[in-house]
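Before any comments, here is the structure.
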Amino acid sequence: MAESLNLRQRLEHAGLAFQQQYGRPPTRAFRAPGRVNLIGEHTDYSGGLVLPLAIDRDVLALVAPAPARRVRIFSLAFDEAREFALGAAEAGAPSGHWSDYVRGVLSALEQQGLDLVGCDLLVESAVPIGSGLSSSAAFTVALAQALASVAGHALQPVDLALLCQAAEQRAAGVECGIMDQFAATLSRRGCALFIDCAQASYQHLPFDERRARVVVADSATRRALAEADYNTRRREVEHALDWLRRERGIDSLRAIEPGDLDEALEGMPELLDRRVRHVVEENRRVAASVAALQRGEVETLGLLMLTSHASLRSLFEVSTPELNALVEAAVEAPGCLGAKLSGAGFGGSTVNLVRPEQVERFCQALAHGYRQRTGLEASLSPCWSADGASEIAVLSAEC
Ligand code: GLA
């Protein structure tokens with residue numbers, strides 16, 4: 001991932017592109033960040049605990065109102081324009097095109113009964129697509145904010161997140177949980193976001209970047225049909241929960257203590273047993289990570305991340321040889337506190353926790369170790385934590 005341009009340069013560039021596309025400047029601009037997930041993987045959709053951290057890679061959405069009852073949008077990343085009539089946005093079946101997300105957001109906003117106005121939009125992204133950093137949540141959140149705000153509606157962050165989750169589920173056919181959209185809307189710079197997905201409640205947890213830095217390592221791989229694999233995992237967890245309800249009268253995975261797993265899962269089909277073990281123990285690891293962060297023990301968080309990855313690999317089976325190679329190479333690199341896959345898995349990126357003074361040497365060693373193991377080039381990005389979605393000032397005409 002190339003070092004991202006600073007916000008001012010990106011806004012200037014996007015503003016010029018807007019002007020070229022529509023013959024006038026944008027009136028407002030919005031940004032929403034991508035995220036890493038420090039720990040709590042595949043736990044959100046069963047009401048579990050997660051600990052993501054928004055990163056300084058974001059999506060920008062520039063907008064200006066227009067008289068016609070239609071939305072025009074230009075994607076800088078795809079160098080492509082699309083147009084939608086207002087009031088007619090049906091999410092439709094996912095086609096795999098980026099504009100599915102636009103249709104998803106438009107139909108989610110309209111289904112909320114929000115009156116939209118015609119407008120022109122341009123979207124620019126510094127979140128690499130398909131690398132597990134939640135580029136789609138950043139895209140839908142920035143876009144929904146722009147569309148709602150230009151029509152005079154102020155959406156609360158939680159409502160914005162829920163709306164974008166629905167948009168993404170419809171647009172991409174991925175039955176995602178709430179973690180990514182919460183991270184994109186509610187995060188705070190200098191903090192990780194601790195979310196209890198059963199309550200939809202959250203807490204900002206100070207994350208001291210003088211003690212530990214986040215480094216994203218993109219494996220340069222993405223498994224085809226990862227969406228289908230994701231939905232399959234979700235189904236498996238739901239089937240396991242049905243079984244537990246029927247056989248044991250247990251109606252939440254949160255109700256099982258790790259020490260009671262053997263008893264609770266006795267007789268459960270073996271594959272479902274593994275999925276449940278991962279979720280129950282992962283929830284416990286998130287709680288332990290929160291306690292560790294509160295005590296400033298980044299070493300403990302790092303160790304929990306490594307255990308999380310091992311469980312994602314062997315119990316939940318969402319890792320890949322490349323992601324495993326990245327984690328193995330990270331463990332051997334100087335300054336490594338912890339490493340795990342980040343997000344859904346099936347390719348994409350790992351999140352690494354690194355001692356700040358060793359970041360450069362860590363990256364060199366990790367790139368080398370990964371190349372040796374796989375012959376592939378990892379793309380390494382030290383990141384800073386970031387705020388959730390916000391409006392940003394558009395640059396004045398002389399820029
Ligand atoms: C994707 C989904 C999230 C979450 C993660 C796995 O990022 O969008 O809701 O389930 O996978 O933790």
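Ligands are counted one by one from 1 in listed order, and the atoms in each one are counted from 1 as well. In this text, all values refer to a predicted model and were calculated from it rather than measured experimentally. Computed from heavy atoms alone, side chains included, the values below leave out hydrogens, waters and symmetry copies.
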Exercise: do S201 and D196 side chains pair donor with acceptor under 3.5 Å: no
query: Quick one: does ligand 1 sit under 4.0 Å from the side chain of R35, the backbone, both or neither, non-hydrogen atoms only?
result: side chain
With heavy atoms of [X] as the reference, note each atom of ligand 1 found under 4.0 Å away.
X   : answer
E41 : 6 (C), 12 (O)
Y45 : 10 (O)
D44 : 3 (C), 4 (C), 9 (O), 10 (O)

Are any of the N/O atoms on [X], whether in the backbone or the side chain, positioned under 3.5 angstrom from an N/O atom of ligand 1?
X    : value
N37  : no
G177 : yes
Y230 : yes
D180 : yes

query: Would a 4.5 Å heavy-atom cut-off, applied to side chains only, mark V127 and F139 as touching?
result: no
query: Are R355 and E299 close enough, and set up right, to give a salt bridge (Lys or Arg N to Asp or Glu O under 4.0 Å), and what steps lead you there?
result: CA-CA 10 Å; R355 293 199 188 280; E299 294 79 7; 3.4 Å; yes
query: Which one of E282, H278, E281 satisfies the side chain to side chain donor-acceptor pair (under 3.5 Å) criterion with S308?
result: E282
message: Using the rule side chain to side chain donor-acceptor pair (under 3.5 Å), only one of R234, R235, R233 pairs with E175; which is it?
response: R235
field: Identity and separation of the nearest protein heavy atom to atom 5 (C) of ligand 1
entry: M179 CE, 3.7 Å
- prompt: Is it true that R222 and E227 have a side-chain N and a carboxylate O under 4.0 angstrom from each other?
  reply: yes
- prompt: Out of curiosity, is G343 lining ligand 1, as in a heavy atom under 4.0 Å away?
  reply: yes
field: Distance under 6.0 Å and angle within 45° of ring axis: R248 vs W243
entry: no
